[in-house]
Amino acid sequence: MIASVPKIGTIGFGELRKGMVARVCEVDENCLESRRLQELGFTLGTEFSVIKVAPLGDPVEIDVRGYRICLRRQECECIGIELV
Amino acid sequence: MAVVGNPNAGKTTLYNALTGSSQHVGNYPGVTVEKVSGKLKLSSQTVDCIDIPGLYSLNAVSADEKVATEVIRPRSEEAPDLFVYVLDATNLERNLFLFSQIAEFGFPVVVALTMSDRLGPQDRTVSARLLGESLGIDVVPVVAFKDKGIEELKAAIDRNLLEPRIPIVNLTVPAEITAEIDILSDRLSRAGVDASAAEIRSDLLAPVEATRLFVPDFPEMWEAFQESRNRLLDANLLRPSIDTQARYQWARAIQDGAVKKPLTLLPRPKSRTDKIDQILTHRVFGLLIFTAVMYLVFQSIYTFAQPVMALIDDDFSHLKGAVAKIVPPGDFQSLLVDGVINGIGSALVFLPQILILFFFISVLEGTGYLARAAFLMDRLLGWCGLNGRAFIPLLSSFACAIPGVMAARVMPDPRSRLVTILVAPLMSCSARLPVYLLLISTFVEPQLGAGWAGFALFAMHLLGLVIAIPISWLLNRRVVKGKRLPFALELPPYQWPKWRDVALAMYGRGKTFVHTAGTIIAVMSVIIWSLSYYPRSGSAPAETPAQQERQLEQSFLGRAGKAIEPVFLPAGFDWRISTAILSAFPARETVVPSLGIIFSLGADSDETSVDLRQKLREATWPDGRKLFNPWVAAGLMVFFALCAQCMATLAAVKRETNSWKWPLFMFAYMTTLAYVVAVLIHQTARLLGQA
């Protein structure tokens with residue numbers, strides 16, 4: 001089951017670069033990863049920005065809801081995002 | 001009373017300030033791995049206070065979170081009378097998310113507002129008064145490590161224990177859901193079940209596989225729930241995300257009401273932490289600095305500890321000499337000098353190094369660099385099924401695998417956790433240090449100098465880590481099954497380490513080590529001594545080295561070593577080394593004492609210093625070839641680096657995995673690995689003509 005809002009230019013987490021701002025536009029209801037990400041604040045429609053990328057390309061540090069958290073790109077693929 | 005909050009919100013510091021205890025604190029999320037309890041003295045009463053591990057949500061996933069959520073269940077036996085919720089002022093929204101979950105279950109709560117000291121003039125300010133008004137409870141700003149606000153907090157706790165205040169949380173959920181809750185609530189109360197709207201909603205919207213059931217499950221209710229679920233499913237409203245979204249909506253509203261935003265709209269200048277991170281997490285410099293820091297740590301352990309170690313060594317030699325003068329020669333003198341003093345002395349000599357290692361670990365942890373290390377290393381550890389978080393358990397395992405295995409509880413993903421536990425004992429713990437130092441200083445330093453000796457020590461520590469990577473990859477693919485959770489890590493702001501915490505960590509570890517040296521190692525030393533001293537032929541003390549060796553050969557320990565010698569022969573180990581290995585299986589700390597006893601038993605007791613290094617260098621095979629060369633020494637070090645010679649670790653693994661399967665598996669794979677690699681080294685040496 002997928003919940004979503006109208007999307008414009010969706011991209012994958014793998015394409016995020018330092019300084020980019022994106023918005024959550026799709027969440028998977030039954031996936032554990034997606035639930036945990038929502039609990040961390042990545043709910044539908046939430047905007048976030050990429051603060052830094054680890055030297056080896058992963059994880060990325062993200063500013064969301066006024067705090068920062070490091071996540072792995074691949075593990076965030078269960079939520080759909082679009083560039084703002 | 002319980003202290004609860006998000007990871008790294010300052011819970012443990014607050015807990016320590018309240019109870020006056022000295023729990024280990026780190027500038028790293030997830031430092032509390034177990035429930036810890038203490039006493040809190042208030043003006044009118046003394047209450048029990050527990051520190052709950054940091055949580056992001058009550059929907060428990062990890063073992064760590066399950067310990068915590070058991071306490072935070074409505075009507076739970078363990079549920080405290082009052083929660084002190086630690087709310088990070090720099091991260092209100094997410095902190096309020098968990099708050100809403102706890103508050104909704106009707107628990108009385110007092111909020112301790114932390115980290116307000118981290119809000120600079122550029123940041124928004126958080127008003128404790130406004131926050132308290134909108135939540136309907138007491139909100140006390142605190143700076144725990146400066147003891148600011150602690151008295152006020154204690155007063156608030158005291159007040160709330162007498163007259164509890166329950167927070168107001170009004171979530172906005174779609175009307176259809178509220179209607180279903182009303183229907184279910186009605187049916188439940190008719191069935192005589194008392195359940196709050198929040199509990200019903202939690203069960204109603206819970207994902208199918210969730211086990212958090214608040215409402216008693218009996219057929220009639222199960223049907224009613226199913227009907228409600230079906231109706232919501234048709235309306236596309238049966239979604240866990242609705243609950244999450246409603247909570248964040250509420251949290252945003254509360255935050256907006258309590259925050260005074262700065263007037264300036266200028267972009268925020270880079271903070272000090274950002275500037276430091278530009279270098280320390282830089283693509284090139286970040287990795288270089290990381291390697292340099294790790295190298296520095298191990299190099300200084302080797303160099304700084306040397307003078308102190310020499311001093312301790314001297315003291316024990318003098319002690320042995322003094323005791324030998326007082327006690328008449330014979331069995332008892334040998335027991336005291338060769339057994340007890342030798343055993344304890346050869347273990348205690350490593351205290352300086354353990355203290356230095358813990359100094360570095362707690363400084364790195366306190367400054368916030370350890371979290372960066374996890375950030376830098378995640379990719380490297382990630383592809384083989386570990387993650388950056390494993391860095392802490394693994395790094396702790398360099399001191400001792402037991403805290404390392406326990407620290408793996410902070411890993412939310414059960415699969416990575418199990419892999420981390422299984423490879424943690426491969427990290428070179430401080431108990432292996434004696435073997436390395438003994439062999440390096442005997443066979444590497446005299447020939448190649450201190451620089452190479454330091455490098456050899458570094459390499460031995462690297463070995464476990466390097467081998468752990470393919471092992472975890474294999475474990476992850478073949479052995480460990482289970483659900484993976486996303487990796488989430490916070491990088492705390494840089495700060496100066498709190499020297500008091502550093503001192504406490506060093507003291508705590510040192511004390512444990514000395515305690516072990518005084519008990520287990522002393523007992524083991526006596527056992528090994530008696531196994532190697534008895535049975536004796538005749539009462540005449542062995543005088544010549546040949547006599548001494550013959551004596552040892554026919555002792556119980558020597559016979560066991562002889563019996564197992566053929567097994568270790570392919571690795572180039574003789575019966576004496578085999579004996580030392582055998583005696584080290586319960587605890588590898590005993591190996592240097594064993595070597596000392598095996599290679600120097602019956603030595604002339606009037607001699608003040610029995611130099612084990614000299615003995616090792618001079619030891620020969622029966623045909624006169626030297627027993628040791630650098631290759632044999634390397635083989636022996638590698639064997640000790642990889643072998644599972646620690647009962648305490650196996651016991652800890654049993655406890656943490658709740659099964660005998662994993663400790664047995666660990667023992668089997670590590671011992672096999674150690675043996676195979678040691679044999680490979682010796683056979684390579686033979687091929688190269690070095691044996």
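All chains are named by letter (A, B, ...) in the order of the sequence lines, taking the proteins before the strands, and each is independently numbered beginning at 1. Hydrogens, waters and symmetry mates play no part in the numbers below; they use all other heavy atoms, side chains included.
- Heavy-atom pairs under 4.5 Å with chain A were tallied for B:Arg283, B:Arg252, B:Met377, B:Arg379; the largest tally goes to B:Arg379.
- Judged by distance alone, with hydrogens and angles left aside, the side-chain atoms of A:Tyr67 form no donor-acceptor pair with the main-chain N or O of B:Leu92 at under 3.5 Å.
- Proximity of a side-chain donor or acceptor of B:Gln245 to a complementary backbone N or O of A:Thr43 within less than 3.5 Å is not detected.
- In this structure, the portions of B:Tyr248 lying under 4.5 Å from any heavy atom of chain A include both its backbone and its side chain.
- Proximity to chain A (any heavy atom under 4.5 Å) is restricted, for B:Leu287, to the side chain, taken from C-beta onward.
- The 12-atom threshold is not exceeded at CD of A:Gln74, counting heavy atoms of other residues, nucleotides or ligands nearer than 6.0 Å.
- One N or O on the side chain of A:Glu75 and one on the backbone of B:Phe487 form a donor-acceptor pair closer than 3.5 Å.
- Residue B:Asp274 comes nearest to A:Arg68 through the heavy atom pair OD1-NH1, 2.9 Å, listed as atom of the first residue, atom of the second, then distance.
- Atoms OG1 and CG, on B:Thr244 and A:Leu37 in that order, are 11.0 Å from each other to the nearest 0.5 Å.
- Here the side chains of A:Arg72 and B:Asn387 are in contact, with some heavy-atom distance below 4.5 Å.
- Top candidate by heavy-atom pairs under 4.5 Å with chain B, chosen from A:Pro59, A:Ser34, A:Gly41, is A:Pro59.
- For A:Val64, no part lies near chain B; criterion is any non-hydrogen pair under 4.5 Å.
- Between the A:Arg65 side chain and the B:Glu93 main chain, no donor and acceptor come within less than 3.5 Å of each other.
- When heavy atoms are compared at a cutoff of 4.5 Å, B:Arg247 does not approach chain A at all.
- Contact annotation: the side chain of B:Thr281 never approaches that of A:Glu61 to less than 4.5 Å [non-hydrogen atoms, C-beta and beyond].
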Would you check, one step at a time, whether the test side chain to side chain contact (heavy atoms under 4.5 Å, CB included) holds for B:Arg239 with A:Val27?
CA-CA 10 Å; B:Arg239 303 202 311 250; A:Val27 293; over 6 Å; no

